[in-house]
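Sequence lines set the chain letters: A, B, ... in the order given, protein chains first and strands last, and positions in each chain run from 1. These figures come from a predicted structure and were not determined experimentally.
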Amino acid sequence: MAEPKFRAPKGTRDILPPESARRRSLSDAFAVLAGQWGFGEVVSPMFEDMGVFKRVGESTDLVTKEMFDLFDKGDPPQHLALRPELTASICRAYVEHRPVPPWKVWYDGPQFRYEQPQAGRYRQFTQVGVEVLGTDDPQADVDVIALGSRFFEAVGLTKVSLLLNSLGDPACRPDYLKALSDYLDSRRSELSAQSQVTLERNPLRVLDSKRREDQTIIDEAPLMVDFLSEESAAHFQQVRSGLEALGIEYEISPRLVRGLDYYTRTTFEFAADALEASQNAVGGGGRYDGLVEALGGPDTPGIGFALGVDRILLACNAEQSFEAAPSPVDVFVVDVAGGSSALTICESLRGVGLGADRAYGGRSMKAQMKLADRSGATYAVIIGDDEIASGEATLRDLRGDTGQRRVPLAVLAGEIRRLLQDNGV
RNA sequence: GUGGCCGUAGCUCAGUUGGCUAGAGCGCCUGGUUGUGGUCCAGGAGGUCGGGGGUUCGAAACCCCUCGGUCACCCCA
C-alpha cells in the first residue's frame, strides 16, 4: 500500500460515516436518558492544570505514566495535561462555580491516556458519564447506577453484568488496609514480582492482578466488606435494597477495586460478557467523598460513573444490537437537464423539513439513479426536458412497488411530505 | 514500558521450497442503441506487496532496523 505521508497518531483513529452516525445516536440516547434523570450537561475544557489530575491519586498509573502533558507559553509556563478522565474536571468546576448542591451533571467527550493501544483501548477515547455532587444519600447511588443499567438496556445490550462493592470510608478503610497489607506481606514471597512492586505502592491494587500465580493469595485475602464501619455498612445495605426495589440485578464483587484512588464506599463496574475478559469493562464508577475537598472545595460527597463509548459499540457489534440509524435523506433528485432544477428542488424540499440530496457533475441518468438508490432515499424525483416543459417532476418510489407518476412542481414538496408522513416516517 | 503474532489493491484475503508483465471476491467507474436504481453481462481504473537497509544473478517471500495493528502482562472505558 502506498504509504500516506501522514496517518492518525498511534492509538487514535478517524470515525467515518456510517459508524460515526451510529456513535452519534448512542450519544443522543445517553443525553435523553440523563435528561430524564434530571441531569444537565457540562462541557468542560479538554485540558486542565496538571494539579487537577494529580489529586486523582499519586499512586495511580493514570497519573504517574499515562498522562499526556504539556507546558504552555506563559512565563512561568503552566503545566497542563489532556484530561485522562472527567470526574476531576467536574469537581474542579464545582469548586470554581459553587452551584447549589446537589449538582447533577452529565458529560460526553474525548479523553486521553498515554497507553499501549489494544482493541477497545485507545489513546483518545470517548466516555459519557454523570456525577452527583453534594449528597451522600444512598438513593443517589441507586439512581446513578440505575441510569447506567437502563442505558445499556436502551442500546440493546443484554449481556452486561453489574458488579458491586463497597470500599469503606476514612473511618474503616485504614483498618482494612492494615489487615490487607499484613496479610499480603505474610505471603509476599508467593506473589508475582509485579504484585510485590504494587504492594509497596498501593496494596489494594494487588487485588486487581490477573496473574495466575496471585489468584490463590487474592482469593484468601481479607475482604473490605468484613471491615466496613457501621455507617458504611448501612449505606451499602441501602444501596443494595434500592437496586432490588428497582429490579436491577447485581453481583457483589468483594474484590472489586478500581483504578482511581479517590473512590470510597459504593464502587461498581459494568462488564460486557460479550467482550473478551481483559477489556470487558464498559463502564464503572463509585463514590468519591473526598475529592472535592482535595481540590480545595468544601467537604462534599460525590458519586458518578463513566461509560466507554468505544467499548460499548464493540459490545453492540458482538451482540449485533444498536444498528445504524436509517438514512436522513428522504428524496434524491435526479436531474438530467443540467442540474439547476436539482438545486432549486432540493432547496424547496429541505424548506419543508425533508432530507434531500442530488448528484454533482452532470452524471448519466443511470449513474444518478444508482446514487439515488445508495443514498437510502425513499423517493427519487426525476427531472428531464419533458418535465421542465410541462412544469412537473417525475416522482418515483424507490422502496415500494407503486411505480412513478408526474407531479406538478408547485405541489411536489408538500406531496412528498404528506406521503412520508402517511407511511409513518 | 515488556513479550508473542500480524502488515499484499478502498475492504476481506490468495500468492506453493525466493524465479515470467503480483491475483480473486466485494466495492468503485464506464458501457449493454439515444431518460430509470436495487438483478444480470462485458470492459476498465486502482498496488514501487507498511517504510528503510541488507543477503542474492533474482525478494511480496530470507535477515536487521523502524512504523502501525493485534494479543498477553500492566492498566482501565
Quick one: label [X] by what it contacts on the DNA or RNA (base, sugar-phosphate, nothing), any heavy atom closer than 4.0 Å.
X        : result
A:Gly129 : nothing
A:Gln368 : nothing
A:Arg211 : sugar-phosphate
A:Gly376 : nothing

[N] [atom2] sits how many Å from [X] [atom1], rounded?
X        : N     : atom1 : atom2 : answer
A:Arg13  : B:G68 : CZ    : P     : 17 Å
A:Glu115 : B:C75 : CD    : C1'   : 6 Å
A:Leu157 : B:A77 : CG    : P     : 18 Å
A:Phe305 : B:A77 : CZ    : C1'   : 12 Å
A:Asp14  : B:G10 : CG    : P     : 16 Å
A:Glu66  : B:C74 : CD    : P     : 13 Å

Query raised in the report: Can you check whether A:Leu164 reaches A:Ile145 side chain to side chain, under 4.5 Å on heavy atoms?
Result: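 Side-chain contact under 4.5 Å: yes.
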Report task. Compare all side-chain heavy atoms of A:Phe53 with those of A:Glu48 and state whether any distance is below 4.5 angstrom. Result -> yes
Query raised in the report: How far does the C1' atom of B:U12 sit from the matching atom of B:G58, given to the nearest Å?
Result: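 Approximately 31 Å lies between the C1' atom of B:U12 and that of B:G58.
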Query raised in the report: In terms of the nearest nucleotide of RNA chain B, which residue is placed more toward the 5' end: A:Tyr122 or A:Ala119?
Result: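 Nearer the 5' end of the strand: A:Ala119.
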Query raised in the report: Taking for each residue the nucleotide of RNA chain B bearing the nearest heavy atom, is the 5' side occupied by A:Ser209 or by A:Tyr114?
Result: A:Tyr114
Report summary line: B/S/- along nucleotides 27-41 of chain B (protein heavy atoms under 4.0 Å) is -SSS-B--BBBS---
Query - Partner of A:Arg405 under salt bridge (Lys or Arg N to Asp or Glu O under 4.0 Å), chosen from A:Glu392, A:Glu415, A:Glu387 - result: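 The passing option is A:Glu415.
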**Report entry** Pi-cation contact, A:Phe322 with A:Arg22 (under 6.0 Å, within 45°)
**Finding:**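 No, cation not above the ring by the 6.0 Å, 45° rule.
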Report task. Answer yes or no for A:Arg13 and A:Tyr122: cation-pi contact, defined as NZ/CZ to six-membered ring centre under 6.0 Å and angle to ring axis within 45°. Result -> yes
Requested in this report: Classify the side chain of A:Arg121 and the base of B:C75 as holding, or not holding, a donor-acceptor pair under 3.5 Å.
Outcome: yes
Requested in this report: Using only heavy-atom distances, decide whether a donor-acceptor pair under 3.5 angstrom links the side-chain of A:Glu269 to the base of B:A77.
Outcome: no
**Report entry** Verdict with reasoning, A:Thr394 to A:Arg406, per side chain to side chain donor-acceptor pair (under 3.5 Å)
**Finding:** CA-CA 5 Å; A:Thr394 295; A:Arg406 293 291 192 90; 3.3 Å; yes
Query raised in the report: Has A:Gln118 got a side-chain N or O lying under 4.0 Å from the OP1 or OP2 atom of B:A72?
Result: yes
Query raised in the report: Which heavy-atom pair separates A:Val292 from A:Cys91 by the least distance, and what is that distance?
Result: CG2-SG, 3.8 Å
Report task. May I ask which nucleotide in the shown strands pairs with B:U36, Watson-Crick or G-U wobble, both distances under 3.5 Å? Result ->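 Looking at the geometry, B:U36 pairs with no nucleotide.
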